[in-house]
Amino acid sequence: AQRRVIEKLLPILAPNSRLAERMPIGKEEIIKSADRQLVADYYAKWYRPDNTTLLVVGDLDLAEIEKSIAANFKNWKESVNKAKNADPGVKPYASVRASVITDPELTETEVSVSNVDSLVKLQTIGDYRRQQVEGIGTWILNRRLTALIEKGATPFQRADVSVTPFLNACKYANGRASGKPDQWEPMLLALLTEIKRAREFGFLEQELDDAKTQALASAEQSAKTEITLDARAFLSRMNNALSQEQKPMSEIQRLELMKAILPTIKLEEVSTAFKQNFATNTRLLLITMPEKAGLQAPTETEILNVGAKAEASKVEAPTATARKALRVWAGKRQAW
């Protein structure tokens with residue numbers, strides 16, 4: 001079911017792009033009809049020295065590894081005509097749209113709001129800082145959503161927001177919530193309302209402090225445990241960085257970078273970044289739901305009307321919560 005949903009989603013998410021034409025793995029009919037020459041030509045076109053990084057991970061002798069690489073790759077010659085990667089053709093959204101995807105094997109309904117923008121590669125310290133600014137905003141709202149769900153104050157059972165690269169083709173800001181099949185309208189309204197609250201009033205200093213504390217603690221834990229990663233996990237991490245054209249960092253390097261960056265991040269820029277990523281005039285409202293008797297899928301107009309209702313509603317500003325002060329007495333921490 002998820003595969004079918006993705007195939008229906010890509011033309012909606014990225015219309016008139018290469019993503020809309022096919023999945024990266026290709027089309028079944030082309031793969032089945034491919035002859036040896038087609039495969040050989042494809043391999044020669046893309047699998048070439050200047051387009052390759054060799055990763056070796058393990059408790060190995062460096063000199064022996066270099067000797068083995070030289071022996072096995074000495075005849076691999078550079079291509080004369082070096083093909084360049086095609087532009088995926090994903091364009092930033094310029095309007096508000098709505099759509100519905102149904103499938104008979106889905107068991108719950110998911111509502112989402114998405115904004116697509118040009119891909120910004122993570123290659124400099126400034127890029128990394130921007131990523132942390134955006135991540136802090138989504139972390140804060142995710143914690144708000146979790147708190148509401150735990151209180152039973154939402155029509156959805158799960159919800160989250162994120163800002164990430166999508167298939168190395170675009171920047172993808174997404175908020176989603178899921179729950180009972182017939183609850184698309186209250187779920188969408190509640191999700192958009194919480195996003196509007198964050199967009200309209202921003203975040204609190206208290207929330208920013210909590211987010212920084214969590215981010216630093218996470219970086220410290222990763223630095224402590226990196227040495228326990230097995231070769232496959234470490235290799236996967238390195239490959240993921242290279243596939244996004246990043247210079248890989250160790251977790252200790254990442255920790256030192258976080259220590260330098262986090263104190264410089266201000267509340268206003270976190271709130272501003274969130275507002276820009278979840279703009280209301282360039283977004284896609286999407287409902288993904290089961291296809292079954294007795295369950296009526298909404299029209300695009302109905303979805304847009306819910307979006308307009310959410311934006312017209314009045315939301316209250318978030319308020320800071322009282323925290324218990326900690327006092328050290330006789331070597332013990334006690335709450336007062």
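What you see is a predicted model, and the numbers here were worked out from it, not measured in a lab.
A donor-acceptor distance shorter than 3.5 angstrom exists from the side chain of Asn277 to the backbone of Ala273, with no hydrogens or angles considered. Using modelled atom types, no side-chain atom of Asp182 and backbone atom of Leu295 make a donor-acceptor pair closer than 3.5 Å. The closest donor-acceptor contact from the side chain of Thr264 to the backbone of Ile261 lies under 3.5 Å. Judged purely by atom type and a 3.5 angstrom limit, Asn115 uses its side chain to pair as donor or acceptor with the backbone of Ala279. Judged by distance alone, with hydrogens and angles left aside, the side-chain atoms of Ser68 form no donor-acceptor pair with the main-chain N or O of Glu64 at under 3.5 Å. Between the side chain of Lys196 and the backbone N or O of Ser313, at least one donor-acceptor pair lies under 3.5 Å. Using a distance-only test at 3.5 Å, with no hydrogens or angles considered, no donor-acceptor pair links the side chain of Ser218 to the main chain of Ala215. For the pair Asp160 (side chain) and Arg176 (backbone), a donor-acceptor distance under 3.5 Å is absent. Under a 3.5 Å cut-off, the side chain of Ser271 and the backbone N or O of Phe203 do form a donor-acceptor pair. A donor-acceptor distance shorter than 3.5 angstrom exists from the side chain of Lys212 to the backbone of Leu262, with no hydrogens or angles considered.
At a threshold of 4.5 Å between side-chain heavy atoms, the hydrophobic network of Ile, Leu, Val, Met, Phe, Trp and Tyr places Leu257 and Met238 in two separate groups. When hydrophobic clusters are built by joining Ile, Leu, Val, Met, Phe, Trp and Tyr residues whose side-chain heavy atoms come closer than 4.5 Å, directly or via intermediates, Met289 is not grouped with Val5. Follow the hydrophobic side-chain contacts under 4.5 Å out from Ile12 and you reach Ile6 in the same cluster. Both Ile140 and Ile265 are members of a single hydrophobic cluster when ILVMFWY side chains are connected at heavy-atom separations under 4.5 Å. In the hydrophobic clustering of ILVMFWY residues, with side-chain heavy atoms under 4.5 Å counting as a link, Val113 and Tyr93 come out apart.
Of the candidates Arg130, Gln123, Arg129, Asp127 forms a side-chain hydrogen bond (donor to acceptor under 3.5 Å, both in side chains) with just one, namely Arg130.
At least one side-chain heavy atom of Ser112 sits under 4.5 Å from a side-chain heavy atom of Asn174. Annotation: side chain of Val306 is not in contact with side chain of Leu285 (no heavy-atom distance under 4.5 Å). Residues Leu167 and Tyr172 are not in side-chain contact: their nearest non-hydrogen atoms beyond the backbone lie 4.5 Å or more apart.
Between Arg48 and Asp50 there is a salt bridge, since a side-chain N of the basic residue sits under 4.0 Å from a carboxylate O of the acidic one. Taking 4.0 Å as the cut-off between side-chain N and carboxylate O, Lys259 and Glu256 count as a salt-bridged pair. A salt bridge links Arg254 to Glu251: at least one charged side-chain nitrogen sits closer than 4.0 Å to a carboxylate oxygen. Taking a cutoff of 4.0 Å between a charged side-chain nitrogen and a carboxylate oxygen, Glu207 and Arg143 do not qualify as a salt bridge. Between Glu220 and Lys224 there is no salt bridge, since none of the side-chain N atoms of the basic residue sits less than 4.0 Å from a carboxylate O of the acidic one. Salt bridge status for Arg197 with Glu194: present, with a side-chain N to carboxylate O gap under 4.0 Å. A salt bridge links Arg199 to Glu311: one of the charged nitrogens lies within less than 4.0 Å of a carboxylate oxygen.
Taking the six-membered ring where tryptophan is involved, the planes of Phe278 and Phe274 are essentially parallel, since the angle between them stays under 30° and well short of 60°. Using a 30° and 60° split on the angle between ring planes, Tyr42 and Tyr47 fall in the tilted class, from 30° to 60°.
Within a 6.0 Å sphere centred on CG of Leu54, heavy atoms belonging to other residues, nucleotides or ligands number more than 12. No more than 12 heavy-atom neighbours from other residues, nucleotides or ligands sit within 6.0 angstrom of NZ on Lys275. Other residues, nucleotides and ligands place more than 12 heavy atoms under 6.0 Å from the CG atom of Asp209.
Within the model, atoms OG1 of Thr319 and CD of Gln206 stand 9.0 Å from one another, a figure rounded to the nearest 0.5 Å.
When all heavy atoms are compared, the tightest approach of Glu226 to Ile252 is OE1-N, 4.1 Å.
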